[in-house]
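Read the structure below first, then the notes.
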Amino acid sequence: MSKGQMDARSRDLILAAEISGLLHDLGKLRPEFASEKMGEVNYRDRATELGFSDAHGAILEDPRIYPPAGQEPWLALLKQHDGWAQALCIPEEWSKPNTPTPQARGLGDPLRQHHANNKFPTDQLSLFGLLYMYGADTRDSALDKGSGGTLHGDQRVTHGFIADSFGNEREPYSPETLGKQWPEAQQIIEATLLKDDAECDLPKARQQFLDGIKDIFLYVLGETRRPTNDVTLWHHAYSTASLFKAAVAECVWRRDFACRQQDDGHFDEKRMGRVRFRLLGIRWDWAALSSGALQPVVLTALAESRQQAMKQLRQRLEVDYPIGNLVYQDDNGAVFVVGGFYQG
């Protein structure tokens, strides 16, 4: 990649990492997840024996707690997929010589590793899975869980709900509601990410996946406990995937993943604080721009131009030359989360 330019391989590496981050909590779509978190069952001991701190992190494994063995064969393609593994392959010159290969086996590494415990097979730990866990998921989850200030907010299966921003009931939440969401998510994933050669056109696959999965994730909880049961799976998945995308993009633009690695080639956990982020604001004065628009047709035209500008801005910074994702917008512009480029 020449200075100031983004080649297709580098772009695809960043976009594939983002997609894998979006899938990391796919297990929260399973009815069994709601049953456990709402007090009907307890899978903790069984999950621990399998190498996970939570059962929804083990949905790609064999054996696993759920889905039942022999069902959902498409999950094996998330765990291991040659095409997606190739898209997530880091050029040798960007990493340490003894970097374990592959850096990812497919789109499922963040899913498998973000709840891995000390019984998880060390030979299956990947650089991308660890970078996701320490650089993105741990930070976003800490914000969700720490913001509520309570350790005893478990919802009950008889009356669980997704809250709005004011804590009021917005949508019901139960194992039954998740039973409807899982097959819809499966259909979207198979049609957009697991169809033949989907990884060969990453911008298209990414957009189709986002368009299909957002409405499903918005009706599933990312955090089930009150008072943070307003955090949907979309909020959590998009947030962590955006952080992961920004962290990977920084290494790609640097052409250096070695700065994130130990001597053995794995992610350097002791220096996880060096994975930092910035907010990039691109702002304008909408009041000044629209002050002379005395006719409704002029104001409407200006508003349409603003929407087009925002769309093109996102295309440039999220897809064409990906550095991060949009996290806030209003009449006066946009804010993107991007890599911190920490020096120290």
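Small disclaimer: the values here were computed from a predicted structure and weren't measured. Only this structure's heavy atoms are used, side chains among them; waters, hydrogens and symmetry mates stay out.
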Ignoring hydrogens and angles, write down the donor-acceptor pairs under 3.5 Å from the side chains of residues 161-168, residues two or more places apart or on other chains.
from: D164; atom 1: OD1; to: F166; atom 2: N; distance (Å): 2.9
from: D164; atom 1: OD1; to: G167; atom 2: N; distance (Å): 3.1
from: D164; atom 1: OD1; to: N168; atom 2: N; distance (Å): 2.9

Please set out all donor-acceptor pairs under 3.5 angstrom arising from side-chain atoms of residues 29-39, sequence neighbours excluded.
from: R30; atom 1: NE; to: E32; atom 2: OE1; distance (Å): 3.0
from: R30; atom 1: NH2; to: E32; atom 2: OE1; distance (Å): 3.4
from: R30; atom 1: NH2; to: E32; atom 2: OE2; distance (Å): 2.9
from: S35; atom 1: OG; to: P31; atom 2: O; distance (Å): 3.2
from: S35; atom 1: OG; to: E40; atom 2: OE1; distance (Å): 3.3
from: E36; atom 1: OE2; to: Y43; atom 2: N; distance (Å): 2.9
from: K37; atom 1: NZ; to: D54; atom 2: OD1; distance (Å): 3.2
from: K37; atom 1: NZ; to: D54; atom 2: OD2; distance (Å): 3.0

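In this structure, E318 does not pair ionically with K245, as no charged nitrogen and carboxylate oxygen lie closer than 4.0 Å. Contact check on R105 versus D82 returns no salt bridge, with no Lys/Arg side-chain nitrogen under 4.0 Å from an Asp/Glu carboxylate oxygen. Salt-bridge formation is detected for the pair K79/E61: a Lys NZ or Arg NE/NH1/NH2 atom is positioned less than 4.0 Å from an Asp or Glu carboxylate oxygen. At a threshold of 4.0 Å, the pair E184-K180 does not count as salt-bridged, since none of the basic side-chain nitrogens sits closer than that to a carboxylate oxygen.
Considering only residues two or more places apart in sequence or on other chains, R271 meets the side-chain contact (heavy atoms from CB on, under 4.5 Å) condition with D268, R274. Residues passing the side-chain contact (heavy atoms from CB on, under 4.5 Å) test with Q208, sequence neighbours excluded: T192, K195, K204. E199 meets the side chain to side chain donor-acceptor pair (under 3.5 Å) test with no other residue; sequence neighbours excluded.
Between the side chains of H24 and Y132, at least one donor N or O sits under 3.5 Å from an acceptor N or O. Using a 3.5 Å distance cut-off with no hydrogens or angles, the side chains of H236 and S239 do not pair a donor with an acceptor. A donor-acceptor contact closer than 3.5 angstrom is absent between the side chains of D45 and T48. Looking only at atom types and distance, the side chain of S126 has a donor-acceptor partner in the side chain of D109 under 3.5 Å away.
Contact check for L193 versus L23: side-chain heavy atoms found under the 4.5 Å cut-off.
Screening residues 288-311 for side chain to side chain donor-acceptor pair (under 3.5 Å), with sequence neighbours left out, gives R306-D331.
The number of heavy-atom neighbours closer than 6.0 Å to CD of Q315, taken from other residues, nucleotides and ligands shown, is above 12. In this structure, E92 places its CD atom where only 12 or fewer heavy-atom neighbours from other residues, nucleotides or ligands lie under 6.0 Å away. No more than 12 heavy atoms of other residues, nucleotides or ligands shown are found within 6.0 angstrom of NZ on K214.
The line from CG of N229 to CZ of R170 is 10.0 Å long, rounded to the nearest 0.5 Å.
The cationic atom of R260 (NZ for Lys, CZ for Arg) does not lie both less than 6.0 Å from the six-membered ring centre of F267 and within 45° of the ring axis.
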For the pair W74 and W182, evaluate ring pair (Phe, Tyr, Trp, His ring centres under 6.0 Å) and give the outcome as yes or no after the intermediate values. CA-CA 13 Å; W74 60 278; W182 175 263; 5.6 Å; yes

